[in-house]
Amino acid sequence: MSVSAFRALATEHIWSLEAPLRDAQWRSLYGLSYPVFTTVVEKLRPHIALSNLSLPSDYAVAMVLSRLSHGFSAQTLASRYSLDPYLVSKITNMVTRLLATKLYPEFIKIPVSRRRLIETTQAFEELTSLPNMCGAIDGSPIKLHKHNLPGNYKCKYGYPSVLLEVVADHKKIFWDVCVKAPGGTDDATHFRDSLLYNRLTSGDIVWDKVINVRGHHVRPYIVGDWCYPLLSFLLTPFSPNGMGTPAQNLFDGMLMKGRSVVVEAIGLLKGRWKILQDLNVGLNHVPQTIVACCVLHNLCQIAREPEPELWKDPDESGAPPRVLDSEKSFYYFGESLRQALADDLHQRLSSR
């Protein structure tokens with residue numbers, strides 16, 4: 001598509017269409033509706049202008065979004081847009097870098113304000129009956145197109161990948177994203193290497209919404225599966241196979257219900273931005289491309305874009321990670337906290 005053809009589509013043609021038809025066409029081309037597209041363009045335009053790019057900002061963004069949403073290679077896109085593949089790669093790298101750096105702080109934020117904390121914890125409590133849950137964490141391998149990579153890139157499903165770790169809220173909006181490890185890394189190791197873990201263990205993040213459950217001061221916490229360490233700020237199931245007490249099994253079921261939001265969020269991310277199903281960019285541009293897609297995912301969720309068919313990762317399995325010496329106080333507090341929440345939940349639901 002030439003600049004003039006795109007301009008015709010984006011100006012005269014677009015305003016002659018009814019909004020639902022216009023947005024459906026835009027989604028099929030670029031993965032999001034026309035209003036969300038214009039939001040992305042307006043936020044990136046000042047930064048693109050500084051790059052001395054010879055192409056219009058909206059045209060460059062449209063080209064990159066079509067690549068991210070359809071998974072096109074640089075060569076395929078180059079032939080479609082009558083551009084050199086090197087230029088397509090260069091523009092992709094620029095736009096994804098800007099999304100991952102300039103827009104990240106605006107659209108991927110830890111819920112620290114009291115208003116947002118209350119909204120998030122109340123929504124999770126309606127879903128799970130567990131108080132003060134503020135997010136769900138999970139990891140997912142992002143398959144890489146390149147195959148001549150070191151062995152530590154091979155994930156447990158057998159393909160080369162890097163590991164994505166996200167925390168999502170009840171609206172399936174990511175509030176933390178980390179891409180720091182090759183696909184052969186386990187979830188617990190990746191989490192412990194993340195900025196989020198560092199901030200939570202050092203006390204840099206202090207959530208001030210404290211409640212009392214059976215004599216325990218319960219601060220907001222996130223939930224994950226048994227691949228993550230049990231800590232005071234990260235609660236995991238008692239048992240992966242329902243071998244606990246009735247109270248523990250009830251707690252596990254509700255915890256996994258809360259965790260389901262992050263599984264669905266990752267499914268939406270990979271379903272909407274198909275490049276993540278087989279990522280065909282240079283290895284040094286992989287993290288920013290993944291983070292850019294996470295930013296775009298949040299924009300779509302905030303705008304309540306229609307949700308595409310979910311991409312399904314294989315079910316996870318694995319042994320619980322061992323507790324590090326530096327984590328023992330967090331672990332012991334998490335253990336007693338989890339039991340108190342389980343006993344409280346069982347009593348409340350049994351008495352109904």
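Only this structure's heavy atoms are used, side chains among them; waters, hydrogens and symmetry mates stay out. Index from 1, following the sequence. All of these numbers come straight from a predicted model, not from anything done at the bench.
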Exercise. Do W26 and S33 touch side chain to side chain, with heavy atoms closer than 4.5 Å?
Worked result: no
Seminar exercise, completed: So CG of D252 and CG of D225: to nearest 0.5 Å the spacing works out to 11.5 Å
Exercise. Can a cation-pi geometry be assigned to R338 and F251, taking NZ or CZ under 6.0 Å from the six-membered ring centre and within 45° of the ring axis?
Worked result: no
Exercise. Do V179 and Q288 come close enough that some side-chain heavy atom pair is under 4.5 Å?
Worked result: no
For this session: Check the pair H285, T96 against side chain to side chain contact (heavy atoms under 4.5 Å, CB included), reporting the backbone distance first and the verdict last.
Result: CA-CA 9 Å; H285 295 119; T96 55; 5.8 Å; no
Problem set entry | Rounded distance (nearest 0.5 Å) linking atom CG of N212 with atom CZ of R214 | 11.5 Å
For this session: Give the ring-plane orientation class for Y30 versus F37, where under 30° counts as parallel, over 60° as perpendicular and anything between as tilted.
Result: parallel
Exercise. Roughly how far, to the nearest 0.5 Å, is NZ of K102 from CZ of R97?
Worked result: 8.0 Å
For this session: Check step by step if salt bridge (charged side-chain N to carboxylate O under 4.0 Å, His left out) holds for E305 and R272.
Result: CA-CA 11 Å; E305 287 282 283; R272 194 177 266 135; over 6 Å; no
Problem set entry | Nearest-0.5 Å distance, OG of residue S73 to CD1 of residue I275 | 9.0 Å
Exercise. Are any non-hydrogen side-chain atoms of I222 and D176 less than 4.5 angstrom apart?
Worked result: no
For this session: State plainly whether the residues R45 and E42 are in salt-bridge range, i.e. N to O under 4.0 Å.
Result: yes
